[in-house]
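Remarks on the structure that follows.
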Protein chains: 2
Amino acid sequence: MSLPDLTFDVIDRRILAALQDDATLSMNEIAARVGLSATPCWRRIQKLEEAGIITKRVALLHGPSIAAGVSVFVSVRTNQHTDEWLKRFAEVVSAMPEVVEFYRLSGDIDYLLKVVVPDIAAYDAFYKKLVSKIDLSDVSSSFAMEEIKYTTALPLDYMKVDKRPATSV
Amino acid sequence: MSLPDLTFDVIDRRILAALQDDATLSMNEIAARVGLSATPCWRRIQKLEEAGIITKRVALLHGPSIAAGVSVFVSVRTNQHTDEWLKRFAEVVSAMPEVVEFYRLSGDIDYLLKVVVPDIAAYDAFYKKLVSKIDLSDVSSSFAMEEIKYTTALPLDYMKVDKRPATSV
DNA sequence: GGTGAAACGACCAGATT
DNA sequence: AATCTGGTCGTTTCACC
């Protein structure tokens, strides 16, 4: 789903950058940071939310502290390709809380899952649960030995920015 | 980095669940939801932040609207394994804003990157930039055709929970 | 753990540049 | 469009029970 094509200016981009990094900033802090006063800044943020550009605000947790410190990437290949099977597969997998990301891919791997568990034993249990629920022809797992980078901040560098006297959003 | 082992009770878990899902909830809303009044609830959240369990609060954006709608998974195999090379690799890749996740893996693939770009052409440019910066023996890319699930919410199901008196409802 | 209250920030309206 | 001012309302935060 792609939304109505909007145009942004530099200020909008700065606002998004700030909020992507820290959603606890007060209106005054954001306003100061982007070079605006509080009110127009607030209005812009309202619009960005209404337009669905800002989708939600969430707290991020430290995995290891809550027994969710091990990430596993699961590659799935299948020979089943009916709509029926696919629908069920998507539902079953999406419902599992350990699965934090789930994509259909191009290339020789059909699906990729990112799974978060406390340890290898728990992954084994997860794996068994998974394969018991659906028929998968080929599943292969890789453990993340090290998380070198993880960010929820999308690159804003590709945003088309209107140089205009700010008729934005 | 794993933090001092704390014990949680059911209330803490509920608080984390709420905040993982929606960080805009007011103290009163959270308090009501977890069965507590605002102040003790606020104190718990303070502690969870101080302890580093809650790491940050961020806004999530709608990728397609900001020209960041295409995810690519990049598998890297290398024969270089010196600390020197590795350090440089980690630095160079981490500094690229298109790279939103970056792991060292077990198994036959050494590194996995999740890269976000606006389109295939931009990925091609990214790829060229990447390989120009560091020597990589084997790089293979898969495009996400469909994002079936993406959540920043870690599973709380594995948290060890103290059944202690701890609470009144 | 709870209560009450002061301090603060969000939100909105009106007037102005 | 942006800014400023003012005022209300809800929230956060803290001293105290």
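Keep in mind that what you see is a predicted model, and the values were worked out from it rather than measured. Just so it is clear: chains get the letters A, B, ... in the order the sequence lines come, proteins before strands, and each one is counted from 1.
One atom, NZ of B:Lys47, and another, P of D:dT13, lie 16 Å apart when rounded to the nearest Å. For the pair B:Glu49 CD and D:dT13 P, the interatomic distance rounds to 9 Å; values are reported in whole Å.
Judged by distance alone, the side chains of A:Ser141 and A:Tyr123 do bring a donor and an acceptor atom under 3.5 Å apart. B:Glu98 and A:Tyr158 are linked by a side-chain donor-acceptor pair at a separation below 3.5 angstrom, with hydrogens and angles left out of the test. For B:Thr24 and B:Asp22, the side-chain atoms include at least one donor-acceptor pair closer than 3.5 Å.
The backbone N or O of B:Thr7 lies less than 3.5 Å from no partner atom in the side chain of B:Asp162, so there is not a single donor-acceptor pair.
Using cut-offs of 30° and 60° on the angle between ring planes, the pair A:Trp85 and A:Phe89 is parallel. Note: A:Phe102 and A:Tyr111 have tilted aromatic rings, judged against thresholds of 30 and 60 degrees for the angle between ring planes.
Atoms CZ and OH, on A:Phe73 and B:Tyr103 in that order, are 4.5 Å from each other to the nearest 0.5 Å. Taken to the nearest 0.5 Å, the CG atom of A:Leu19 stands 8.0 Å off from the CG atom of B:Leu61.
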Restricting both atoms to N or O, compile the protein contacts to nucleotides 14-17 of chain C shorter than 3.5 Å, with distance only.
none

Atom pairs under 3.5 Å, N or O on each side, protein against nucleotides 8-10 of chain C: can you list them with distances?
| residue | atom | partner | partner atom | Å |
| --- | --- | --- | --- | --- |
| C:dA10 | OP1 | A:Met27 | N | 2.8 |
| C:dA10 | OP2 | A:Met27 | N | 3.3 |

